[in-house]
Amino acid sequence: MQTSNKFHPWFHRYLLFLLLCTFILITAGGLVTSTQSGLSVPDWPTTYGHFMFAFPLDQMVGGIVFEHSHRMIASVVGFLTVILVFWAWRSEQRRWVRNLTYTALAAVIAQGVLGGLTVLFLLPTPLSVGHATLAQSYFALIAILALVTSRWWLNTGDDSSSRRLKNPLTGLAMMSTAAVLIQLIIGAWMRHSDAGLAVPDFPLAYGSLLPSLAPGDLERYTSTLIAMDLRSTADGTILPSQIIVHLLHRYWALVTAGFLIALTVRLFRNSANNHILRRFALIVPVLIALQIALGAFTVLTQKSVSITTAHVVTGALLLVVTSVITAVSIRLGGKPVQKTVHAFRPEEAAA
Ligand code: HEM
Ligand code: HEM
């Protein structure tokens, strides 16, 4: 059965606009954490007792600039998601796409509530990790919606291929997406349990590949961190869990990079006649190399605000790219790619 949904250019453009707004929102959220402004506004949903949108601009100073503007941008994205649901309800014929928009709305509401609770409960690690992870998942969901409403999607493939999930590219793309998602969660756990600089050197960790966690060694690491001004005596001894989560993030980065390199090779092999796959084959290695470099510099610059935030944002982009590659690969199924592209070019020109 051929998919019969009509292409709605403005609906698709709207989704691209929402994707851009979400990108800005994730950058703004990353800045809140990187500048440690999470508690600059202690109340929620009000801002220092004011209705959020009536907060006086002359009181936007210090960390309030980051936290309050993050809330404002989040409200815009929430509002745009409500419009998205109505628009899809009126114009989208595919039930599964409408369901995806409902999921996006549920996610954005849950995300707002999580953000508020994070503030009211003074940034507990699990809530902050949940907030960080849901943010990136919402971003990936909007990217998938933008893809499935594109002219390319509607003109490519059909809904009948039973070989779709047997495509080796799809399996690899799914595993890469899962590896990136796990890495994001470990990264968020590290970031929100104050473990980002639990190991202050790179590429080694306290001079070795696997530092000892013996109590005497933990005391020695703590003295090193105090000498480097990364910890105060009042913070007590560094916890083994902080070092473990940090090392886990570094080593899982290698696993993730392995998946992404394999994905790149597979994309190149499948891309002989497909410009989309070729483009992804160029984007993936650039993003992973950039992300590892940003991770290294996050440590070496002792968490420079811009570099750390860029690391968070590039992590989100990696999730978007791997999710989109998975969806593209599912759409292409096991079919020869060239046929699909040539068959639909004239239609594209006519539409
Ligand atoms: C669509 C809704 C929202 C999205 C996509 C979003 C996204 C994000 C992201 C990506 C971060 C950075 C996490 C990190 O770097 O680890 C963040 C941090 C934060 N967000 Fe949101 N946010 C949303 C709504 C809200 C709302 C409504 C609040 C209300 C107070 C809020 C409060 C916070 C706080 C306090 C932080 C800092 C947490 C910390 O440092 O532990 N967010 N947000
Ligand atoms: C596959 C490669 C990597 C990905 C996808 C990735 C992703 C992320 C993400 C998304 C976060 C923030 C999570 C959040 O709060 O939302 C993070 C945090 C962090 N990452 Fe990575 N990362 C990678 C590799 C590395 C490497 C190689 C290092 C080097 C040591 C590193 C160091 C860090 C540090 C130190 C933080 C915490 C920053 C803080 O405490 O504020 N990352 N990572």
Side-chain angles (χ1 to χ4, degrees), residues 21-22 25-41 43-45 47 52 66-68 70-78 80-81 107-120 122-125 127-129 131-139 142 179-203 205 245-247 249-260 287-300 302-303 305 307-309 311-319 322:
C21 293
T22 309
L25 175 57
I26 288 187
T27 310
L31 279 171
V32 173
T33 306
S34 299
T35 56
Q36 300 187 343
S37 310
L39 293 178
S40 305
V41 180
D43 50 338
W44 178 81
T47 297
M52 199 169 89
F66 295 107
E67 173 59 13
H68 185 66
H70 173 57
R71 294 184 189 191
M72 302 282 277
I73 302 170
S75 308
V76 171
V77 167
L80 292 175
T81 313
V108 91
I109 293 172
Q111 179 69 354
V113 172
L114 262 179
L117 293 179
T118 310
V119 169
L120 298 180
L122 310 178
L123 312 184
T125 303
L127 284 190
S128 292
V129 173
H131 189 66
T133 310
L134 188 56
Q136 315 227 15
S137 311
Y138 171 81
F139 189 32
I142 297 301
V180 171
L181 185 63
I182 292 170
Q183 177 70 338
L184 300 182
I185 296 171
I186 302 171
W189 201 272
M190 164 170 59
R191 188 159 155 86
H192 295 283
S193 57
D194 206 14
L197 294 176
V199 178
D201 48 341
F202 183 89
V245 74
H246 188 112
L247 291 178
H249 188 69
R250 288 190 187 191
Y251 287 118
W252 192 258
L254 294 179
V255 176
T256 310
F259 274 112
L260 293 178
L287 276 184
I288 185 66
L290 177 68
Q291 182 65 346
I292 290 179
L294 286 169
F297 280 105
T298 297
V299 173
L300 297 174
Q302 300 180 353
K303 296 210 298 192
V305 168
I307 288 184
T308 309
T309 309
H311 186 62
V312 174
V313 172
T314 309
L317 286 177
L318 265 173
L319 186 68
T322 49

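Residue indices begin at 1 and follow the sequence shown. Just so we're clear, the structure is a prediction, and the values are computed from it rather than from any experiment. Numbering of ligands and ligand atoms starts at 1, following listing order.
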Could you find the nearest protein heavy atom to atom 39 (C) of ligand 2 and give me its residue, atom name and distance?
K303 CD, 3.4 Å

What's the shortest distance from atom 36 (C) of ligand 2 to any protein heavy atom, and which residue and atom give it?
M190 CE, 3.2 Å

With heavy-atom distances below 4.0 Å as the criterion, list the atoms of ligand 1 near A135.
5 (C), 7 (C), 10 (C)

With heavy atoms and a 4.0 Å threshold, my read on which part of V119 contacts ligand 1 is side chain

Applying side chain to side chain contact (heavy atoms under 4.5 Å, CB included), run through F259 and V180 and close with a yes or a no.
CA-CA 9 Å; F259 274 112; V180 171; over 6 Å; no

Provide the number and element of each atom of ligand 1 under 4.0 Å from a heavy atom of L25.
1 (C), 2 (C), 3 (C), 4 (C), 5 (C)

Using a 4.0 Å cutoff against the non-hydrogen atoms of V32, which atoms of ligand 1 qualify?
36 (C), 37 (C)

Side chain, backbone, both or neither: which part of R191 comes within less than 4.0 Å of ligand 2 when only heavy atoms are counted?
both

Pick one of side chain, backbone, both or neither for how S34 approaches ligand 2, counting any non-hydrogen atom pair under 4.0 Å.
neither

With respect to S128, determine whether any N or O atom, backbone or side chain, lies less than 3.5 Å from an N or O atom of ligand 1.
yes

Nearest neighbour of atom 27 (C) of ligand 1 from the list A132, G116, G112, G315, on a heavy-atom basis
G112

Ignoring hydrogens, just give me the one of H192, Q136, H68, Q111 whose non-hydrogen atom is nearest atom 2 (C) of ligand 1.
Q111

Between V180 and ligand 2, which part of the residue brings a heavy atom under 4.0 Å of the ligand: side chain, backbone, both or neither?
neither

Looking only at protein heavy atoms, identify the closest one to atom 30 (C) of ligand 2 and say how far it is in Å.
R250 NE, 3.4 Å

For ligand 2, the portion of F202 having any non-hydrogen atom under 4.0 Å away:
side chain

Checking heavy-atom distances from atom 20 (N) of ligand 1 to each of M72, H131, M52, the winner is H131

For atom 32 (C) of ligand 1, which candidate among Q36, R71, E67 provides the closest heavy atom?
E67

Of all N, O or S atoms in H311, which has the smallest distance to atom 21 (Fe) of ligand 2?
NE2

Does the residue I288 have a heavy-atom contact with ligand 2, meaning some pair of atoms that are separated by less than 4.0 Å?
yes

The atoms of ligand 1 lying under 4.0 Å from a heavy atom of V108, numbered in the order shown, are 1 (C)

I want to know if ligand 1 touches T118 in the polar sense, i.e. an N/O pair below 3.5 angstrom.
no

Atom 21 (Fe) of ligand 1 has as its nearest N, O or S atom from H70 the atom NE2

